[in-house]
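Below is one structure, written out as structure tokens; comments come after it.
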Amino acid sequence: MSEKNESVVRALLDDHGRTYAQEAGIRLRDTPAPLYQLLVLSLLLSARIKAEIAVATARALFDAGMHTPQGMADATWQQRVDALGVGGYRRYDERTATQLGQGAELLLRDYRGDLRRLRDGARTAERLQEFPGIGPTGADIFLREVQGIWPEFRPRIDGKALQGAERLGLPKSSRSLAGLVSDEELPQLAAGLVRAALHKEIVAEVRPGRR
């Protein structure tokens, strides 16, 4: 690792390296409830809406008891709409409320409420997209965040994360970027890079010569 890259990566991790799951209050472990919470968050983040609103909305859903697929399925459509509104997710609230209910029912029916049952190497992204509201972007977000506990998906640094790496003057391949941090730090690095892609001020803050 060059000294310049090391400085940029350390600054990024120190100031902007919280994963989106951490921001949403998800204690990510390889167990059914937090994995489901990450799926919900990935759906919310994949819409054309600010990440801060998506995170706040995930918290509102979980606080309202919708932190498991059974809890989501048992909630009424209006209860889901109301929780989405509390988080500020009003632009897509009605459609998203329907998608969340359908997705919870699918997970309970086909995977007995446990996302670990769909974990199947290269087919995992395809299976994630069976859930209403989860497209390629949502699947990427889920796998980018889950790579810390599902090691077969390392390194998952793509899409927006690679755009952030380019802005920061870092290597532009996932393998090269993965070599800059430990395996445990990969989700944090990916999240920081996404933020760098979304917020120009982060680039100015952490990149030498851009302050």
Restricting to non-hydrogen atoms, name the atom on N5 and the atom on G169 that form the minimum distance, rounded to 0.1 Å.
OD1-O, 3.9 Å

Would you sort out whether K50 and L198 count as a side chain to side chain contact (heavy atoms under 4.5 Å, CB included), showing the intermediate values?
CA-CA 10 Å; K50 289 183 178 180; L198 295 174; over 6 Å; no

Distance (rounded to the nearest 0.5 Å) between Q163 CD and L193 CG
11.0 Å

Of all the heavy-atom pairs spanning R167 and A196, show the shortest one and how long it is.
NH1-O, 3.4 Å

Pairs satisfying salt bridge (charged side-chain N to carboxylate O under 4.0 Å, His left out), at least one member in residues 120-132, at least two apart
D120-R123, D120-R127

Cationic tip of R195 above Y20 ring, under 6.0 Å, 45° of axis:
yes

Under 3.5 Å donor-acceptor, Q37 side chain and H67 backbone
yes

Side-chain donor or acceptor of E145 paired with backbone N/O of F142 under 3.5 Å
no

Where do R156 and D140 land on the salt bridge (charged side-chain N to carboxylate O under 4.0 Å, His left out) test, with the steps shown first?
CA-CA 8 Å; R156 194 81 182 192; D140 282 344; 2.8 Å; yes

Once you round to the nearest 0.5 Å, how far does OG of S174 lie from CD of Q147?
9.5 Å

When you compare the side chain of P155 with that of L177, does any pair of heavy atoms fall below 4.5 Å?
no

Atom pair CD/CG of E23 and L45 - distance to nearest 0.5 Å:
9.0 Å

R112 atom CZ, neighbour heavy-atom count above 12 within 6.0 Å
no

Within the distance-only criterion (no hydrogens, no angle test), does the side chain of T96 pair as donor or acceptor with the backbone N or O of D93 below 3.5 angstrom?
no

Could you check if a side-chain atom of L162 sits within less than 4.5 angstrom of a side-chain atom of K172, using non-hydrogen atoms only?
no

Backbone of Q102 reached by a side-chain donor or acceptor of E105 within 3.5 Å
no

Mind checking whether R29 and I149 have side chains closer than 4.5 Å, heavy atoms only?
no

Indicate if L28 and L189 have the same hydrophobic cluster label, given that clusters are the connected sets of ILVMFWY residues with side-chain heavy-atom separations under 4.5 angstrom.
no

Separation between CZ of R116 and OG1 of T124, rounded to the nearest 0.5 Å:
14.0 Å

Locate the shortest heavy-atom distance separating G148 from P187; write the atom from each residue and the value.
N-CG, 3.6 Å

Are L115 and L108 grouped together when hydrophobic residues (ILVMFWY) are joined by side-chain heavy atoms under 4.5 angstrom apart?
no

State, yes or no, whether a side-chain contact exists between E185 and L180 at a heavy-atom distance under 4.5 Å.
no

For residues W150 and V181: do they belong to one hydrophobic cluster (side chain heavy atoms under 4.5 Å, members Ile, Leu, Val, Met, Phe, Trp, Tyr)?
no

Going by distance alone, is a donor N or O of one side chain under 3.5 Å from an acceptor N or O of the other, for H16 and E205?
yes

Side-chain contact test, heavy atoms from C-beta onward, threshold under 4.5 Å: evaluate it for V206 versus V203 and give yes or no.
no

For R119 and D30, run salt bridge (charged side-chain N to carboxylate O under 4.0 Å, His left out): C-alpha distance rounded to whole Å, both residues' side-chain angles, the deciding distance at 0.1 Å, then the answer.
CA-CA 11 Å; R119 183 177 173 183; D30 194 21; 3.5 Å; yes

R80 meets the salt bridge (charged side-chain N to carboxylate O under 4.0 Å, His left out) criterion, sequence neighbours left out, with none

Side chains of Q129 and P136 in contact at under 4.5 Å (non-hydrogen atoms)
yes

4.5 Å side-chain heavy-atom contact, R90 and L84
no

Residue pair A60 / A83: nearest heavy atoms and the distance that separates them
CB-O, 3.5 Å

Under a 4.5 Å cut-off applied to non-hydrogen side-chain atoms, are L186 and F153 in contact?
no

What verdict does the side chain to side chain contact (heavy atoms under 4.5 Å, CB included) test give for I141 and L38, after you've listed the backbone C-alpha separation in whole Å, the side-chain angles of each residue and the deciding distance to 0.1 Å?
CA-CA 9 Å; I141 292 168; L38 178 59; 5.6 Å; no

Here the pair of heavy atoms bringing L43 nearest to G133 is CG-O, 3.9 Å

Going from CD1 on I49 to OG1 on T57, what distance comes out if it is rounded to the nearest 0.5 angstrom?
6.5 Å

For L107 and Y36, what are the C-alpha separation, side-chain angles and deciding distance, and is it a side chain to side chain contact (heavy atoms under 4.5 Å, CB included)?
CA-CA 9 Å; L107 181 56; Y36 174 67; 3.5 Å; yes

Is there a donor-acceptor pair closer than 3.5 Å between any side-chain N or O of Y89 and the backbone N or O of I53?
no

Test question: given the 4.5 Å side-chain rule for I, L, V, M, F, W and Y, name all other residues clustered with W77, or answer none.
V81

Using 0.5 Å steps for rounding, measure from the CD1 atom of I26 to the OG1 atom of T19.
8.0 Å

What are the two closest heavy atoms between A165 and P171, and how far apart are they?
CB-O, 3.6 Å

Determine whether V194 and L13 fall in the same hydrophobic cluster, where Ile, Leu, Val, Met, Phe, Trp and Tyr are linked whenever their side-chain heavy atoms lie under 4.5 Å apart.
no

Evaluate side chain to side chain contact (heavy atoms under 4.5 Å, CB included) for L44 paired with Y92, printing each intermediate quantity in order.
CA-CA 9 Å; L44 299 172; Y92 305 103; over 6 Å; no

Shared ILVMFWY cluster between V86 and V40, side chains joined below 4.5 angstrom?
no

